[in-house]
Amino acid sequence: MAVVKNHSLGAPELDTHRQPRNGQPKAPARPQKIPLHQLYALPAPIRTFPLPSFYPNNPLSLFHVLWTWSNQLLSPPPAEPSVVHQGHWSPETRSVHVHDPTSVRALWEQGFFGKGSYSRSEPNWLKREQTRQGQGEKRVSELVTVQRREERKMMKWERARKEQEAILRTRIAEAWIAPVGPKELLALPNSLEDLRLSSYGLTNGHVFSSTAEPNGHVNATQDARLVTPTTPDFVVNGGDLSDPPSPHPNPLLNGKVPGAAVINGTPPLSQESDEAPTETPDVPPTLENEATSPEIVDREHLQLTLEETFYLVFGLGALNVTNPSTGKVMATEELFHLFRQLSYAPSDTAAMQPDDPFLIQYAVYHHFRSLGWVPRPGIKFGVDWLLYIGGPVFAHAEFAVMVLPAYTDPYWKTRGHEPPQRSWHWLHSINRVQAHALKTMVIVYVDIPPPTETSDPASLLKRYKIREFVMKRWLSNRSRE
Amino acid sequence: MPFDDEDLTPAALSAANDEAPFDAEDGDQAQDFRMFTSLLSGPGKKSQASSKAIRRGEKDFESHGTRAQENILESSRAAMHEVLSYTRQHQPRNALCGWYFPDRWADMPPESDSIPEGAADRQAGSGTAKGRDTVQGLFARDRVVAIEADKSTMLTSTGRVVTTAEKHSPGRSKTWLLPEEALFLIERGTLDLWWPVRGIEDIFPAEEGLEASQAERKFEDYELGTPLSLQAAYALLIGRDGERGKISLEKYQVYSNLRRTGYRVLRATPLPPRLFSPQTPRPLWQWLLSLLPRTSGLFSLRFPPSGYGPLVRPGLYRSYAPIFEQLALVQRHKPAPLPASEVPQPQDPFKIFFHVWKSNVPFVKTRPPPPDFQMAVVDARDSSIPTLEQLDALLLSTPWGPSREG
C-alpha cells in the first residue's frame with residue numbers, strides 16, 4: 001500500500017553561516033583545513049556582495065556600511081558572473097567536458113555541477129593518485145568508502161569466525177563423554193606431571209578425536225566446514241570505484257604501511273600508474289618527463305550532463321561551450337536545439353514535441369535549482385534526480401525524484417494522447433529501493449503544454465507546470481498505534 | 001563526508017548487519033512458533049500478542065551438526081505442531097444468526113456524495129440533524145444481512161440499524177450488515193448466514209408483539225430457512241464493483257486484512273472540511289515593505305531579459321534571493337482550497353472507499369471521529385499508476401488541510 005501526499009517542495013533552508021564572505025576568493029591551497037561550509041559557501045557560481053550589517057549601538061558601523069557602499073558604487077566589482085568557464089561539447093559521450101582545473105574546482109564547489117571522469121562524483125582523481133603514491137594522506141570520499149567497506153567486511157568476517165568458534169565449542173562439549181571404558185580410563189593422566197605433559201594432546205588430539213568416533217559422519221562433514229579462513233580474502237581493487245585501472249593493489253589503504261616501504265615502492269608505482277590512464281584522449285603523453293619527476297599531471301576532466309550544461313549556460317551564464325568541429329562558442333539557441341534533438345533516436349526529427357525527454361527533465365532540474373536545491377542524477381538509486389540540501393558533501397540526499405509527464409491540456413485530450421503507462425510493480429520496486437536508502441520518494445508530474453511556435457527556452461519553460469507528490473509505504477502492522 | 005554513492009547509509013548499515021529487525025517490519029519472515037505456544041499455554045492466555053512478544057529468532061541457514069541446533073529445531077517443530085493442532089471452538093452463546101435479504105432496502109436512496117448540511121454540527125457533537133435521507137454512512141441499499149442486535153465487541157464498528165426506514169416496518173430494529181462485514185464475520189466463525197424461505201415478516205415478526213412472539217413462535221428455525229456454507233456466502237456477497245449489495249474481492253480482502261490486523265474500518269463518507277485557523281494577517285510593516293519596488297540587482301536593470309540569454313542578468317548582487325527569483329521560470333503547483341463546484345469527482349478506482357481508524361481511540365459507529373487513514377483500493381495488476389488528474393481528484397476529495405507553513 002502506498003500513501004500519496006500532496007506536497008510542494010519549498011526552498012531548502014540554507015544555513016546562515018554558509019553566506020559568502022564578501023565574495024573573497026577562496027584559497028584552494030589546503031582543502032582539508034578549510035571547513036566545508038566555507039569551501040562550499042557559494043550555492044551558484046555567482047558571488048554576492050552584501051553590505052555589512054549596521055549595529056545601532058555601534059555608530060561606527062554606519063561608516064563601515066557607507067564606506068563599502070560608496071566603494072562599490074565608485075569602483076564596482078565586475079558584473080557577476082564574473083568568471084565564465086569554458087567547456088567543450090563531446091558528441092561521443094553526450095556531455096560537456098571542462099578541462100581547466102580551476103574551472104573544475106569552481107564548478108564543483110559552487111553548486112556541485114558535474115562529475116569527475118575518473119571519480120564517483122567529486123573530481124578527485126589527482127588526490128587519490130597522490131595518496132596512492134604516498135605524497136601525503138588526503139581524505140577522499142572514494143578511499144573512505146573503500147575503508148568502510150573493508151571494515152564492514154572485517155566485521156562480518158569476525159562475526160562469522162565467532163559463530164564458527166561457538167559452534168566448535170558446542171560440538172566439543174557435546175562430543176565429550178565421561179571416560180568409563182578401560183581404554184579411556186587407562187589413557188587418563190596418572191599424575192599432575194603427566195597432565196602437564198599431555199595437556200595439549202588431551203584437549204586437542206586425544207579426547208576429541210577418540211570420542212568423536214561414535215558420530216563419525218558428523219565429524220566428516222565438520223572438517224570441511226571447520227577450516228575457518230585465517231585471514232579474510234581482501235583484494236582492494238579500484239575496479240569498482242571507476243578508477244583508472246591500476247595493476248597494483250594500494251598498499252596504503254590500511255594506513256599501516258611504514259614509510260620506508262612506501263618510498264621504496266614509489267618509482268615503479270608512479271610509472272605504472274602514469275601508464276594506466278593513457279586512454280584520456282586529449283592529454284599529450286609526457287611519460288618520459290613524469291617517470292623522473294614525482295609531480296603527477298591531473299588527467300581528469302569534469303563531465304557535465306546536458307541539463308547541468310544548459311542550466312549553467314542559459315540560467316546563470318557562467319559557462320561557454322565550444323563546438324569541437326568548428327572551434328566556436330555555441331549559442332544558447334544552438335545548444336537548446338542540439339540537446340532537444342538528442343532526445344530523439346533518429347536525431348533528425350524535424351518537428352520537436354514539447355514532451356521530449358530533455359525538456360521534461362530540464363524543466364524539473366531547473367525548477368529545483370531555482371528553489372535552491374542541488375539536484376544530481378539519481379540513476380544509482382533508480383530515479384531521475386536526487387535532491388541535496390546544500391550539496392552532497394553536507395548530507396545525504398533527502399529526496400529521490402521520479403519524473404512523469406502529464407497531459408492534462410485539452411489539446412492532448414482531444415488527440416487522445418495518453419501518458420506512458422507505468423505499472424505498480426515498477427513504482428513499488430523503485431519505492432522499495434528508496435525506503436532502504438532512507439530517502440523520501442517524490443513523484444514529480446510535469447504538465448506538458450500544447451506545442452507552440454515560440455522556440456526560446458525562457459518562454460517555453462514558463463508554460464510547463466510542475467507538481468510534486470511525496471510517496472511512502474504504509475505498513476498496516478506499523479501504523480496501528 | 002557523507003556521500004550517497006556509498007552503498008549503505010549508517011542506518012541501513014546497522015540494518016544490514018542485523019537483518020532480523022529490518023525484515024521483521026515487513027512480516028514476511030517465518031514465525032517463531034515457540035513464542036506462540038507460550039502465548040497459548042501460558043497462564044495469561046489473552047496476553048499481549050504484540051510484535052514485541054513474538055520475536056523472530058536468529059536465522060540458521062544450514063545444519064552444522066550440533067545437537068543443540070537439532071534440539072532447537074525439534075522443539076520449534078513440536079511447537080508448530082502444537083499451535084496448528086489447537087482446536088478452534090465457537091462458543092454457541094456467541095454465535096450470531098444472519099438472514100440474507102438482498103432486496104430489503106433496494107428502494108432506499110443511494111448514499112449521497114455531497115456533505116450533508118448537518119454533518120459539521122454532528123461532528124461538533126450536537127447530534128440533532130437526523131433527516132430522513134441524511135444519515136451519513138448508512139449505505140442502507142447495500143445492507144443485505146440482518147442479525148439480532150448484539151452487545152458483542154465485534155459489533156462496535158460493524159452493522160447499523162436502518163434508522164431511515166419507516167417505523168414498524170419489518171426488520172427495522174435489526175442490525176443490518178454490509179456484505180464485507182457479513183462475510184468477515186462468517187469467515188471468522190462468529191456468524192451463520194441463513195437463506196430465508198419465508199418472508200421477512202415471518203422471520204422478524206412485528207415489533208409490538210415482541211414478547212408474545214418470542215413466547216409462541218410460529219415456525220421452527222428450519223422452517224424459516226436453511227443455513228448457508230462459506231462458499232455460498234462468497235457467491236452471494238462477492239461481486240463486481242458497484243453492484244448493489246455486493247463487494248469486489250479486492251476490497252473485501254483489504255477490508256478483512258485491516259480488520260484482522262486490528263483496525264476499525266467503515267465505508268468512506270464525504271468528510272466535512274477540516275477546521276483550520278485562518279491565516280494570521282501580515283504585519284503592517286511587512287505589507288509596507290512589499291509595496292517597495294524590488295531591487296533585484298543594482299546594475300542589472302540595464303540589460304533587458306532575453307528568451308535565450310542568461311536568466312540571471314549580469315550585475316552586482318547583495319544576496320542570493322534575487323538571483324534565484326530570476327531563475328524561477330517553471331510554474332509550481334500551490335495547493336489551495338477549491339470551491340465545491342470546481343472540485344473534480346474522483347473516478348474509480350482512485351476514489352476513497354474505506355475510512356480506517358486505529359483501534360485505540362474511543363469509537364461510536366454512528367458518529368465516528370475523523371478517520372486516521374483514508375483508503376482507495378486499487379488492483380495493482382489491472383491498473384497503472386495514477387495520472388496527474390486522477391491523483392489530483394483523489395487528493396481534492398479529501399479534506400483540505402494545509403501544512404503549518406501555509
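Chain identifiers are assigned alphabetically (A, B, ...) following the order of the sequence lines, protein sequences preceding nucleic acid strands; residue numbering begins at 1 within each chain.
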What part of [X] is in contact with chain B, defined as an atom under 4.5 angstrom from a non-hydrogen atom: side chain, backbone, both or neither?
| X | value |
| --- | --- |
| A:Leu460 | neither |
| A:Tyr311 | side chain |
| A:Pro419 | side chain |
| A:Arg376 | neither |
| A:Val313 | backbone |

Practice task
Mind ranking B:Thr261, B:Val377, B:Leu329, B:Val312 by heavy-atom pairs under 4.5 Å with chain A and telling me who comes out on top?
Solution key: B:Leu329
Completion exercise
One option among B:Gly262, B:Ala376, B:Ser383 has the most heavy-atom pairs under 4.5 Å with chain A, and it is B:Ser383
Is there a side-chain contact between [X] and [Y], using heavy atoms and a 4.5 Å cut-off?
| X | Y | result |
| --- | --- | --- |
| A:Pro43 | B:Tyr320 | yes |
| B:Arg332 | A:Leu371 | yes |
| A:Pro50 | B:Tyr317 | no |

Nearest 0.5 Å, please: how far is [atom2] in [Y] from [atom1] in [X]?
| X | Y | atom1 | atom2 | value |
| --- | --- | --- | --- | --- |
| B:Leu388 | A:Thr408 | CG | OG1 | 6.0 Å |
| B:Thr66 | A:Ile172 | OG1 | CD1 | 12.5 Å |
| B:Gln331 | A:Lys465 | CD | NZ | 5.5 Å |
| A:Phe314 | B:Leu327 | CZ | CG | 9.0 Å |
| A:Tyr445 | B:Leu391 | OH | CG | 5.0 Å |
| B:Ile385 | A:His425 | CD1 | NE2 | 13.0 Å |

Practice task
If the plane angle is over 60° it's perpendicular, under 30° parallel, otherwise tilted; pick one for B:Phe373 and A:Trp474.
Solution key: perpendicular
Exercise for the section: For the residue pair B:Ser384 and A:Trp424, confirm or rule out a side-chain donor-acceptor distance under 3.5 Å. Expected result: no
Closer than 3.5 angstrom, by distance alone: can the side chain of [X] be matched with the main-chain N or O of [Y] as a donor-acceptor pair?
| X | Y | value |
| --- | --- | --- |
| B:Arg318 | A:Thr48 | no |
| A:Arg171 | B:His64 | yes |
| A:Glu174 | B:Ala68 | yes |

Fill in the blank from the handout: Counting heavy-atom pairs under 4.5 Å with chain B, the top scorer among A:Pro457, A:Ser459, A:Gly317 is A:Pro457
Problem - Leading residue by heavy atom contact count with chain B [cutoff under 4.5 Å; candidates A:Ser82, A:Ala173, A:Ala363, A:Ser370] - result: A:Ser370
Handout entry: Verdict with reasoning, B:Val330 to A:Lys462, per side chain to side chain contact (heavy atoms under 4.5 Å, CB included)
Key = CA-CA 5 Å; B:Val330 190; A:Lys462 268 181 198 148; over 6 Å; no
Exercise for the section: Apply the test side chain to side chain contact (heavy atoms under 4.5 Å, CB included) to residues A:His366 and B:Leu311: give CA-CA distance (whole Å), side-chain angles for both, the deciding distance (0.1 Å), then the verdict. Expected result: CA-CA 11 Å; A:His366 189 100; B:Leu311 294 177; 3.4 Å; yes
